[in-house]
Structure formats: structure tokens, C-alpha cells
Amino acid sequence: MTDWKNAPRLFIPGPVNVLSEVLEQMARPTLGHRSKEYSQLHGETVDMLKKMLYTEQHVFLSTSSASGVWEGSVRNCVALDETVLCTMCGAFSDKYADVARSCGRKVDELKVEWGMPITADMIDEKLSAGNYAAVTMVYNETSTGVTNPVYEISEMLKEKHPDVLVFVDAVSGMVGLPLHFDKLGWDVVFASVQKAFALPPGLAVFAVSERALEKSKSVPDRGYYFDFQNFAKSAQKNQTPTTPAVPHIMALHYQCTRLLEEGMDNVWARHKKMAEFVQAWALRNFELFASAEYASNTLTTVKNTRGINVAEVINAIHQKHNTIFGNGYGKLKEQTFRIAHMGDITIDDLKELLGWIDEEIK
Ligand SMILES: Cc1ncc(COP(=O)(O)O)c(C=O)c1O
């Protein structure tokens with residue numbers, strides 16, 4: 001039987017490794033979620049997140065993974081007779097389109113080959129030729145290791161399509177990559193905490209613009225659990241609509257405090273350094289799956305140009321060192337493998353892992 005009590009060190013692109021001091025935060029005595037103490041914890045956490053996301057608009061905590069906010073963004077801000085443009089460049093951006101369709105919304109697709117980014121020109125061309133209420137993007141495509149040029153895209157959107165709402169999945173980007181929500185003019189952005197926040201899975205963080213919140217008032221059938229109006233109403237009391245994962249929020253408070261002490265510019269630079277280190281190794285030994293200019297700072301998807309048996313290497317390192325990294329995602333399994341370099345992972349950790357991979361493949 002697998003010994004889950006001797007859990008391996010994780011270099012998969014989520015969940016990532018969690019420091020024991022962070023886990024300790026989750027073992028504190030719990031609080032009633034309508035208590036004064038909880039409101040203080042919630043309020044302080046949201047205030048810190050606003051600083052980290054560079055926003056003065058709404059930040060909410062959802063006791064779900066980020067997939068819930070895929071659904072929430074669409075159900076709250078796109079009416080049934082409106083169309084959403086879904087940009088698709090890998091497994092997760094593809095899923096965002098599936099979610100929109102499963103919510104009964106009309107979806108138009110903008111697809112590129114996996115490994116390639118979505119560009120501002122592509123989106124401009126599509127939006128100029130149709131009538132869209134919203135556009136979905138994935139900041140950092142966790143399957144391909146591509147970071148989309150969201151700053152350029154956002155400049156274009158603000159200038160040419162200011163009425164189109166912008167929903168951004170930043171699940172593996174938030175914290176690890178620059179994110180200035182208000183300046184970018186985004187309407188919804190979200191992440192799960194098991195990526196660059198380096199917490200165990202089970203909570204999502206999301207920001208909503210004033211205009212998206214206003215629009216949601218007029219959209220019927222928003223559902224219950226992810227109704228933005230309910231989140232906004234509860235936020236006035238520094239609370240959540242339903243019982244939140246209080247231990248998670250304690251640990252999130254701890255992580256936000258650490259990240260702000262470090263300073264977001266330094267946090268982003270640290271991620272970039274780790275990415276450069278892993279990319280250099282990948283280029284010496286294999287190739288990058290992502291086109292180089294767009295290779296991610298939070299994970300590297302390595303093209304398996306040497307035809308190694310990825311599952312066997314992962315298994316060997318697991319057995320010998322109680323450490324695992326990621327196989328390729330979905331159809332990219334064995335053709336690629338993925339190494340996370342986000343959250344509290346360090347260059348020393350990565351040196352150790354890459355050394356073990358070198359041993360196995362020599
Ligand atoms: C880019 C991206 N979007 C969405 C998801 C789904 O997140 P969750 O499983 O936490 O809901 C993931 C998960 O890895 C992801 O990487």
C-alpha cells in the first residue's frame with residue numbers, strides 16, 4: 001500500500017511542495033466563520049491580496065478549486081444570449097471553453113497549436129469580426145508551459161475593444177508572474193492556492209472588477225455557490241457566503257505576509273531566476289516545448305527529444321529520493337515532462353532534482 005504519511009517532495013505543477021511552517025498554520029484552533037476574529041483574519045488577508053494583485057476592486061476567497069471560478073466568471077457575467085470568445089492554447093484553456101459551453105453559453109473558439117502563445121493580433125482580428133460579451137484567456141498554460149503575452153493583449157483590448165469583459169485564468173501564474181489587475185483592465189482573474197501560493201489544495205482566490213460585478217446583477221440564473229453578488233454582500237462583513245476553509249485562510253494569511261515582506265517584484269524575479277535555471281538545463285539536455293520567448297517562469301514543459309521513458313524516470317526518483325516531478329499532461333504524456341519552479345521551491349531544490357534526473361538518463 002502507498003504510504004501517504006511519508007508523502008513525496010513535489011515538483012509537479014500543482015500541488016507544489018508546502019513548507020512545514022505553512023502546514024502548522026493550518027493546525028491552529030479553528031474560528032467560527034461569523035466571529036469577529038474570523039472577520040479580522042478575512043479582512044487582513046483580502047487587504048494583502050489586493051496589494052499583491054494591484055487592485056482596489058473586489059477580491060474574494062472561494063472554498064473550491066479555481067475550476068469553480070471558471071464557471072462563476074461565465075455564469076455571472078455572460079448572459080445566455082451572449083457569446084464568449086475562448087482563446088485556446090493547451091489543455092486548461094481548452095477546458096475553459098468546455099466549461100462555458102456546459103453553462104449553456106455560446107462559445108467561439110480561437111485556437112493555436114499547443115506550444116504556441118495567443119497573441120494580441122489574433123484576438124483583435126476575432127473580436128473585430130464578431131459581437132462578443134467576453135474573452136477568456138489563460139495567463140500561464142500549465143500543460144504546455146507557455147505564458148501568454150497578457151500585458152500586450154490587455155493594452156490592445158483596452159484600446160480597441162473596451163466593452164468586452166476579460167476573464168483570466170491565472171491558476172499557475174498568480175504570485176509567480178506580474179499581475180496588475182486594475183492597470184490591465186481585467187474583469188475576473190482567479191487562481192487555486194496549490195500553485196505559486198504554495199498551500200495545499202482546496203481554496204481559490206479571485207478578483208472581480210466593479211463593472212463585472214455590476215453586470216452580474218442583470219444576469220439571471222447565476223447559480224448559488226459562485227454567485228458574485230453573494231460574495232460581494234458577504235465581503236462587506238469580511239465574510240464568505242458559505243462556510244469557508246478557515247485553516248486554509250490562516251495559512252494564506254501567513255503566505256501573503258511573507259510574500260509582501262519579500263516584495264512582489266522580488267517574488268517575480270525569484271521565479272524568473274528559477275525558470276532560467278531549469279530552462280538552461282532543459283536546453284542542454286532536451287528542448288523546451290514552449291516557443292522560447294514565451295516559456296513560463298513557474299513551470300518548464302520539457303520536450304522529450306531523447307525518447308526517455310518518463311514514467312520510469314519519475315518512478316525511479318520517487319523510489320530512491322521520495323521526490324516526484326510531472327509527466328506531460330494529457331496528450332503530451334511521455335512526449336514531454338514538467339518541472340514546477342514556483343512557490344517555496346528553491347534553486348537548491350531544483351539542483352538536487354535535476355542532478356537526480358541526470359543520473360537516471362545518462
Ligand atoms: C491553468 C489552469 N487552469 C485551471 C486549472 C484547474 O485548477 P483546479 O484543479 O485547481 O480547479 C489548472 C490546474 O492545474 C490549471 O493549471
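Remember, it's 1-based here, ligands and their atoms both numbered in the order they're listed. Each residue takes its place number in the sequence, starting with 1.
Looking at atom 5 (C) of ligand 1, its nearest protein heavy atom turns out to be Phe92 CD2, 3.6 Å. Counting only heavy atoms of the protein, atom 1 (C) of ligand 1 lies nearest to Thr142 OG1, 3.2 Å. Nearest protein heavy-atom neighbour of atom 6 (C) of ligand 1: Ser67 OG, 3.6 Å. The protein heavy atom nearest to atom 3 (N) of ligand 1 is Asp169 OD2, 2.6 Å. Ranking the protein heavy atoms by distance from atom 8 (P) of ligand 1 puts Ser65 OG, 3.4 Å first.
Considering both main-chain and side-chain atoms, Pro13 never comes within under 3.5 Å of ligand 1 through any nitrogen or oxygen pair. Inclusion of Ser192 in the set of residues having an N or O under 3.5 Å from an N or O of ligand 1 is warranted.
Remark: Lys331 is positioned above the aromatic ring of Trp114, its terminal NZ or CZ atom under 6.0 angstrom from the ring centre and at most 45 degrees off the axis. For the pair Arg306 and Phe286, the cation sits on the ring face: its NZ or CZ lies under 6.0 Å from the ring centre, inside 45° of the axis.
Residue Leu31 holds its CG atom at 11.5 Å from NE2 of His33, rounded to the nearest 0.5 Å.
The ligand atoms of ligand 1 that sit less than 4.0 angstrom from a heavy atom of Gln194 are 10 (O). Numbered from 1 in the order shown, with element, the atoms of ligand 1 that lie under 4.0 Å from a heavy atom of Asn140 read 1 (C). Ligand 1 places these atoms under 4.0 Å from at least one heavy atom of Trp70: 3 (N), 4 (C).
Looking at Phe60, Trp70, Phe190 one by one, the single match for ring pair (Phe, Tyr, Trp, His ring centres under 6.0 Å) with Phe206 turns out to be Phe60. Here the options are Asp348, Asp349, Asp344, the test is side chain to side chain donor-acceptor pair (under 3.5 Å), and the partner is Thr346; only Asp349 passes. Each of Arg28, Glu21, Gln25, Glu24 was checked for a side chain to side chain donor-acceptor pair (under 3.5 Å) with Tyr254, and the lone residue meeting it is Glu21.
Using a cutoff of 4.0 Å between basic side-chain nitrogens and carboxylate oxygens, Glu262 and Arg270 are scored as salt-bridged. A salt bridge is defined here as a Lys NZ or Arg NE, NH1 or NH2 lying under 4.0 Å from an Asp or Glu carboxylate O, and Glu276 with Lys272 meets this definition.
Within the structure, ligand 1 lacks Tyr139 among the residues with a heavy atom less than 4.0 angstrom away. Residue Gly14 places every heavy atom at 4.0 Å or more from ligand 1.
Ring orientation note: the planes of His321 and Trp356 are close to parallel, at an angle under 30° on the 30°/60° scale.
Contacts of Tyr96 with ligand 1, taken as heavy-atom pairs under 4.0 Å, are absent altogether. When heavy-atom distances to ligand 1 are checked against a 4.0 Å cut-off, Glu141 has no atom that comes that close, whether in backbone or side chain. Residue contacts with ligand 1 for Lys195 involve side-chain atoms from C-beta outward but no N, CA, C or O (heavy atoms, distance under 4.0 Å).
Of the possible polar contacts, none joining the Glu287 side chain to the Leu283 backbone as a donor-acceptor pair under 3.5 Å is found.
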